[in-house]
Amino acid sequence: MSLVVCRVRGTRNKERSPRCQAPSAKCILMSSQRLFYGTEMTKMKVETKQLYRDTATYAGKEVVLEGWIRTIRASKNIGFIELNDGTFFRNVQVVFGDTMPNFADIARLPIATALRVTGAVLETPEARQPFEICATEITVEAESSADYPLQKKRHSLEYLREIAHLRPRSNLFSAVFRVRSVAAFAVHKFFMENNFVYVHSPIITGSDAEGAGQMFKVTTLDMLNTPRTEAGKVDYSRDFFAKETHLTVSGQLEAEIFALAFKNVYTFGPTFRAENSNTARHAAEFWMIEPELAFADLKDNMDNIEAVIKYVFAYVLEQCPEEMDFFCEYVDKDLRERLDNVVKSEFGRVTYTEAIKILQQSGRSFEFPVKWGMDLQTEHERYLSEQVYKRPVFVTNYPKDIKSFYMRLDDDGTTVAATDLLVPGVGELVGASQREERYDVLVERMKSLGMDLEPYWWYLELRKFGGVKHSGYGIGFERLVMYLTGVTNIRDVIACPRTVGNLRI
RNA sequence: GCCUUAGUAGCUCAAUGGUAGAGCAACCGGCUGUUAACCGGUAGGUUGUAGGUUCGAGCCCUGCCUAAGGCGCCA
């Protein structure tokens with residue numbers, strides 16, 4: 001077995017360069033034997049993340065690394081491969097020389113070819129990368145082709161969307177989806193540490209008027225031959241659930257069931273909206289976090305929202321420094337400053353009525369004139385979060401007429417205990433409210449909205465049996481990831497995005 | 001759903017109504033430490049699509065398709 005570390009025959013800087021002061025073969029053999037697992041013939045398999053996080057442990061040792069070629073460049077006698085094994089944002093530089101019998105074959109390999117590399121880890125503190133692997137053996141695990149669509153240069157996000165099956169291999173999406181994963185874990189970690197119970201609310205729902213927009217139908221009926229009632233309508237009694245069913249638009253009402261049993265709960269799962277929305281922040285399938293807190297009013301609610309967002313941001317900043325550096329350099333130069341600001345500063349809190357005054361006194365001419373009673377338009381929300389507060393801001397106590405039936409009526413009888421958290425660049429990140437716990441008030445509100453009470457019999461019954469005050473909110477998880485990464489299109493933070501007229505993969 | 005803009009080589013983009021071009025990628029060759037390596041060469045086009053105006057259209061006009069940006073709906 002050859003253990004010559006770095007058989008480069010270069011003469012330039014040979015004495016001075018630390019990269020040429022490789023440990024002796026004997027030294028490597030002795031030290032690496034202690035780290036081998038299994039039989040002596042088994043090489044030490046490593047992952048890139050281990051190498052980066054614990055370089056000193058591996059320095060001078062022989063390791064085996066499996067990964068894909070991100071870039072490769074070679075001259076007559078020496079070549080360089082940047083190998084990515086998926087476990088870490090950064091690549092590992094593999095140096096290979098013409099002492100390898102298959103040098104010429106390796107040098108010609110196209111990007112995305114999968115390799116198994118055996119070689120010694122050499123620390124290179126003066127180079128752009130902290131270490132490299134001096135290959136003694138490289139075998140091809142799976143070859144790629146020259147027409148691989150990802151090139152080693154910047155691509156447009158639009159182009160990458162067209163190759164959604166390959167884009168996770170690009171730098172940006174490697175960073176985005178690792179951050180998404182870490183952020184999701186941080187969400188669970190926060191709620192578990194605060195003694196919340198994780199509830200799996202149903203995906204298929206029987207109530208068709210949850211008030212959050214158009215819903216997707218769920219059915220097993222034959223579309224070409226639907227059974228009809230005598231009145232000529234679709235006979236859902238012969239459908240799978242013997243009633244009309246849809247994909248959920250919110251797990252909130254079900255979460256309330258559990259909040260009134262477990263005190264503090266949260267859901268975290270997919271949500272579906274069949275809205276004809278054509279914006280950079282809407283998708284037909286997205287993930288929502290919906291906590292529900294018993295014995296909690298609107299202020300408790302806001303405190304919890306602020307705490308979880310700060311916790312998740314701080315955790316991602318700590319766990320994903322390489323990814324965050326990348327976003328700051330290539331996506332948004334001000335990202336780190338903005339996120340640090342979110343973690344450190346207090347979120348703004350302003351009532352709807354005060355916000356209207358701020359907008360009216362701003363001296364700005366808005367496309368939609370500002371008037372009490374109107375819903376805030378995007379231009380108003382942006383002005384408040386991006387110009388006035390320059391950080392997340394809660395707008396509270398909206399007029400009841402522009403909010404949902406389940407929100408608790410304020411004492412003035414005209415506003416409800418609701419709040420939206422507006423953040424710069426993303427818009428509405430969280431929608432929240434204290435729920436109407438007073439049975440009579442709730443029934444009256446639903447009746448005045450012309451709602452059919454029957455499907456909500458269980459929701460109303462919760463108010464009869466110890467239905468304490470309680471509050472909850474919904475965080476759009478993708479919008480959270482957008483805010484964290486600086487990525488401005490929701491299609492670029494979802495693995496396989498679904499939007500109107502678009503489901504590629 | 002509404003408004004605006006765009007569509008040219010595999011990718012990113014040029015081209016005053018008058019001969020369709022560059023960089024990168026690919027392919028061939030060179031190069032002893034590269035960093036989106038570098039140097040030389042080769043090949044690559046029904047200008048989204050269907051019509052129209054014109055002696056002549058990538059460019060002007062109309063429809064359609066696709067995408068992006070903005071708005072509405074919301075998380």
Side-chain angles (χ1 to χ4, degrees), chain A residues 6-14 17-20 70-82 90-91 93-99 107-108 110-111 122 124 126-129 132 134 145-163 170-171 211-214 249-252 270-290 330 367-368 375-379 381-382 402-404 420-423 426-432 473-483 488-491 499-502:
Chain A
C6 198
R7 189 181 281 180
V8 179
R9 287 173 292 160
T11 51
R12 191 161 62 90
N13 294 339
K14 188 170 185 178
S17 169
R19 287 179 289 180
C20 290
R70 279 288 180 80
T71 84
I72 181 166
R73 45 188 174 266
S75 55
K76 195 175 176 184
N77 301 316
I78 186 168
F80 303 89
I81 297 169
E82 285 190 38
R90 295 186 65 179
N91 306 319
Q93 171 155 290
V94 175
V95 186
F96 64 109
D98 63 352
T99 52
R108 270 196 291 273
I111 296 172
L122 180 67
T124 54
E126 289 182 4
R128 199 176 295 183
Q129 57 284 331
E132 61 192 21
C134 300
S145 163
D147 58 357
Y148 181 62
L150 277 170
Q151 298 174 9
K152 47 185 176 184
K153 64 166 194 170
R154 235 177 148 165
H155 287 292
S156 68
L157 293 171
E158 293 79 16
Y159 174 67
L160 290 168
R161 261 171 233 151
E162 291 173 9
I163 47 169
S170 68
N171 284 333
Q214 290 292 307
V249 292
S250 167
Q252 179 204 316
T271 305
F272 308 88
R273 304 269 168 96
E275 294 290 346
N276 187 10
S277 294
N278 286 290
T279 80
R281 19 175 233 292
H282 288 87
E285 178 181 310
F286 64 99
W287 281 55
M288 234 188 346
I289 306 151
E290 295 187 286
Y330 291 103
E367 188 189 342
F368 294 86
D375 206 353
L376 295 182
Q377 305 297 310
T378 296
E379 57 175 343
E381 296 182 344
R382 289 184 66 134
I402 58 173
K403 287 293 182 183
S404 298
D420 287 348
L421 180 66
L422 311 178
V423 301
V426 174
E428 187 181 336
L429 177 64
V430 183
Y473 55 94
I475 301 179
F477 183 58
E478 283 78 9
R479 291 185 181 177
L480 185 82
V481 177
M482 289 165 73
Y483 196 29
T488 54
N489 196 311
I490 197 167
R491 298 172 183 89
T499 53
V500 197
N502 219 321

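Atoms considered below: every heavy atom in the structure, side chains included; atoms not considered: hydrogens, waters and symmetry mates. Reminder, nothing fancy here: chain letters follow the sequence lines and each chain counts from 1.
- Stretches of at least 3 consecutive Watson-Crick or G-U wobble pairs, with each checked distance under 3.5 Å, appear in RNA chain B as B:1-7 with B:65-71, B:10-13 with B:21-24, B:26-30 with B:38-42, B:48-52 with B:60-64.
- Phosphate contact (OP1/OP2 of B/rG69, side-chain N/O of A/Asn489, threshold under 4.0 Å): present.
- Residue A/Ile72 is classed as having no contact, given no heavy-atom separation below 4.0 Å to the nucleic acid.
- Atoms CD1 (A/Ile163) and P (B/rA67) sit 16 Å apart, rounded to a whole Å.
- Using C1' as the reference atom, B/rU4 and B/rU8 are 22 Å apart when rounded to the nearest Å.
- With both ends at atom P, the span from B/rG17 to B/rC61 equals 12 Å, rounded to whole Å.
- With sequence neighbours left out, the side chain to side chain contact (heavy atoms under 4.5 Å, CB included) criterion links A/Ala280 to A/Asn489.
- For A/Lys153 and B/rC11, the shortest distance from a side-chain N or O to OP1 or OP2 is not below 4.0 Å.
- With B/rU12, B/rG72, B/rA67 as the candidates, the nucleotide lying closest to the side chain of A/Glu158 is B/rA67.
- Separation of the C1' atoms belonging to B/rU19 and B/rC31 is 38 Å when rounded to the nearest angstrom.
- For A/Asn502, a side-chain nitrogen or oxygen approaches OP1 or OP2 of B/rA67 to under 4.0 Å.
- Comparing A/Gly501 and A/Gly476 against RNA chain B, the residue whose closest nucleotide sits nearer the 5' end is A/Gly501.
- Within the 4.0 angstrom heavy-atom criterion, base atoms lie near A/His282.
- At a threshold of 4.0 angstrom between heavy atoms, the contacts of A/Glu367 with the nucleic acid are absent.
- Using a cut-off of 4.0 Å between Lys/Arg side-chain N and Asp/Glu carboxylate O, A/Glu82 and A/Arg90 are scored as not salt-bridged.
- Rounded to whole Å, atom P of B/rG69 lies 12 Å from atom CZ of A/Arg382.
- At most 12 heavy atoms of other shown residues, nucleotides or ligands fall within 6.0 angstrom of atom OH in A/Tyr330.
- Relative to the side chain of A/Met288, the nucleotides B/rG72, B/rA26, B/rA75 differ in distance, and B/rA75 lies closest.
- No N or O donor and acceptor, one from the side chain of A/Arg281 and one from the base of B/rA75, sit under 3.5 Å apart.
- Between B/rA43 and B/rG10, the two C1' atoms lie 13 Å apart (nearest whole Å).
- For A/Ser277, no side-chain nitrogen or oxygen approaches OP1 or OP2 of B/rC73 to under 4.0 Å.
- As rounded to whole Å, 10 Å separates atom P of B/rA68 from atom CG of A/Leu157.
- Atom-to-atom, CG of A/Asp147 to C1' of B/rC11 comes out at 13 Å; the value is rounded to the nearest Å.
- Counting non-hydrogen atoms under 4.0 angstrom, A/Ser156 reaches the backbone sugars and phosphates but no base.
- Among the atoms of the strands shown, only primed sugar atoms or phosphate atoms (P, OP1, OP2) are found under 4.0 Å from some heavy atom of A/Tyr159.
- Atom P of nucleotide B/rA75 and atom CD of A/Glu381 are separated by 11 Å, given to the nearest angstrom.
- Between B/rC73, B/rA75, B/rC11, one nucleotide has an atom nearer to the side chain of A/Glu275 than all others, and that is B/rC73.
- A/Arg479 places a side-chain N or O within 3.5 Å of a backbone atom of A/Arg281 that can act as its donor or acceptor partner.
- Using a 4.0 Å heavy-atom criterion, one finds that A/Ser75 contacts the bases of the nucleic acid, with or without backbone contacts as well.
- The closest donor-acceptor contact from the side chain of A/Thr124 to the backbone of A/Ala127 lies at 3.5 Å or more, if one exists at all.
- Base engagement by A/Arg154 is indicated by at least one non-hydrogen atom pair under 4.0 Å involving a base atom.
- Backbone-only engagement by A/Leu429 is indicated by non-hydrogen atom pairs under 4.0 Å involving sugar-phosphate atoms exclusively.
- Distance check on atom C1': B/rA26 versus B/rU12 gives 16 Å, rounded to whole Å.
- Distance check on atom C1': B/rA57 versus B/rG18 gives 10 Å, rounded to whole Å.
- For B/rA75, the base is stacked against the aromatic ring of A/Phe286, per a cut-off of 5.5 Å between centres and 30° between planes.
- Listed nucleotides: B/rG72, B/rC31, B/rG33. Nearest to the side chain of A/Glu132: B/rG33.
- The C1' atoms of B/rA14 and B/rG7 are separated by 15 Å, rounded to the nearest whole Å.
- Listed pair A/Arg161 / B/rA68 meets the phosphate criterion, a side-chain N or O lying under 4.0 Å from OP1 or OP2.
- In this structure, A/Asn278 atom CG and B/rG70 atom C1' are separated by 11 Å, rounded to whole Å.
- A residue-by-residue look at A/Gln151 and A/Lys403 shows that A/Gln151 has its nearest nucleotide of RNA chain B further toward the 5' end.
- Side-chain N/O atoms of A/Gln377 and base N/O atoms of B/rG72 include no donor-acceptor pair closer than 3.5 Å.
- With both ends at atom P, the span from B/rA20 to B/rC64 equals 31 Å, rounded to whole Å.
- Under 4.0 angstrom from either OP1 or OP2 of B/rG72 there lies at least one side-chain N or O belonging to A/Thr378.
- Taking atom CE of residue A/Met482 and atom P of nucleotide B/rA75, one finds them 15 Å apart after rounding to whole Å.
- Each of B/rC73, B/rG10, B/rC74 was ranked by its minimum atom distance to the side chain of A/Arg479; first place goes to B/rC74.
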